[in-house]
Amino acid sequence: MPELPEVEIWRRRIWPTLSTATVIDVHGSSGPPLAPDLSISDLRGALIGRQCMRVDRRGKRLALQFTEAERTLVIQLGMTGRFHVESSHGPEVRFERLRLELSHGAALVYADARRIGRLSWVPHGEAFQGLGADALATESDEWSKRFTESRSPIKVALLDQERVAGVGNIYACEGLHAAGIHPKRAARTLTPAEWTHLARAIQASMQQTLSRDGAGSLLYLSAKETNVNPFVVYGRAGEPCPTCGVTICRDILGGRGTFFCPACQPEAGTVA
DNA sequence: AAAAGACCACT
DNA sequence: AGTGGTCTTTT
């Protein structure tokens, strides 16, 4: 569900609670989203009495390091993963999958309706295995290098976390629109100038989400609740493009809804 | 390397 | 029907 900015927002939000106390108990049940080789009793043994020393993020993945732990707790939120930071015992959390009770009385709860997220316990060096460079921390020339071999449509290639980590369906659509690139263009046909534009557009869109995380609610959650769509093309098929007024199209690429403006993002070969 | 399907359980 | 993500399997 969440893409890079939302995961970064979670990272910032769980840190103050997690870093200021030791784990005193662990609750949850086996099965997804827990990795197949991981049980709650494993986690209990590994985490009780330990304190979180850092929460790192690369792309959409979080890595939690605990004192004296031999491994790292890796969390991928999938599409519906989210956290609850409880300062005192509140109402039951829907879809609760993992709960860390902390020595100052608070608790960190991981909830995941679809159980499509992953919680795993891996050697420190493997936390970010399989992920490319972080989308927010990577210059456009580096992006360009990592896509030179890809014949896939650029929209699909952007979702490949092994090239650049953190771009999901929404920011792929938003970035391509801002850069004026058709989602079906083969990734390797993009020029350096287009990469500069695209990488910056994706980063700008992500930064905008980050900056909108004011004192309270997560943008993508509050947006859902209030039915406000903060994006330029994502989820706006049939509406006029805010740039040129032409009707926004929806297609399916990489198995997912892909939104674009046929006028701002011309097909290859029809560029004026 | 790329496409398709699988997974899951909701709105 | 629709879903913002990954895995694995097939071509």
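Predicted, not measured: the structure shown is a model, and the values here were computed from it. Lettering of chains follows the sequences in order, A, B, ..., and the numbering in each one begins at 1.
Judged by distance alone, the side chains of A/R54 and A/Q65 never bring a donor and an acceptor atom under 3.5 Å apart. Between A/D42 and A/S39, the side chains place a donor N or O and an acceptor N or O closer than 3.5 Å (distance only, hydrogens not considered).
Among the protein residues, A/R163 comes within range of the sugar-phosphate backbone only, with heavy atoms under 4.0 Å from sugar or phosphate atoms but none that close to a base. Here A/R188 lies out of heavy-atom contact (under 4.0 Å) with every strand.
Note: CG (A/D160) to P (C/dT6) measures 10 Å, nearest angstrom. Between A/E162 atom CD and C/dG5 atom P there is a gap of 17 Å when expressed in whole angstrom units. Distance, A/E6 CD to C/dT3 P: 16 Å, rounded to whole Å. Counting to the nearest Å, the P atom of C/dA1 and the CD1 atom of A/I252 are 13 Å from each other. The nearest whole Å value for the distance from the CG atom in A/D112 to the C1' atom in B/dC7 is 12 Å. Taking atom CD of A/Q129 as the reference point, atom C1' of C/dT6 lies 15 Å away to the nearest angstrom. One interatomic measurement links the two molecules: CG of A/L253 to P of B/dA2, which rounds to 13 Å at whole-angstrom precision. Between A/L34 atom CG and C/dT6 atom C1' the separation is 17 Å, expressed in whole Å.
Taking 4.5 Å as the limit, every side-chain heavy atom of A/T22 sits out of range of all side-chain heavy atoms of A/L102.
Taking 4.0 angstrom as the limit, A/T80 places none of its side-chain polar atoms (N or O) nearer than this to OP1 or OP2 of B/dC10. For A/R250 and C/dT3, the shortest distance from a side-chain N or O to OP1 or OP2 is below 4.0 Å. Residue A/R256 has a polar side-chain atom (N or O) positioned under 4.0 Å from OP1 or OP2 of C/dG4. In this model, the phosphate group of C/dC7 is approached by a side-chain N or O of A/Q76 to a distance below 4.0 Å at OP1 or OP2.
The existence of a salt bridge linking A/R94 and A/E96 is excluded, since no basic side-chain nitrogen approaches an acidic carboxylate oxygen closer than 4.0 Å.
Between B/dA9, B/dC10, C/dG5, one nucleotide has an atom nearer to the side chain of A/R114 than all others, and that is B/dA9. Side-chain atoms of A/Y234 lie closest to C/dG4 of the nucleotides C/dT6, C/dG4, B/dT11. Looking at the side chain of A/K60, the nearest of the listed nucleotides B/dT11, C/dG2, C/dG5 is C/dG5. Considering only side-chain atoms of A/R115, the nucleotide from B/dA9, B/dA1, C/dG4 that sits closest is B/dA9.
Residues A/I116 and A/R94 each lie close to DNA chain B; by heavy-atom proximity, the contact nearer the 5' end of the strand is made by A/I116. Closest-nucleotide positions on DNA chain B for A/P32 and A/V156 were compared, and the one nearer the 5' end corresponds to A/V156.
For A/R97 (side chain) and A/D112 (main-chain N/O), a donor-acceptor pair under 3.5 Å exists by modelled atom type. With hydrogens and angles ignored, the 3.5 Å screen pairs a side-chain donor or acceptor of A/R50 with a backbone N or O of A/A46. A/Q161 places a side-chain N or O within donor-acceptor distance of the main-chain N or O of A/L159, the cut-off being under 3.5 Å.
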A correct dot-bracket answer for DNA chain C, with pairs being Watson-Crick or G-U at under 3.5 Å, [ ] for crossing pairs and | for inter-strand pairs, is |||.|||||||
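Hydrophobic clustering of Ile, Leu, Val, Met, Phe, Trp and Tyr side chains at less than 4.5 Å, counting indirect connections, unites A/L38 with A/I48.
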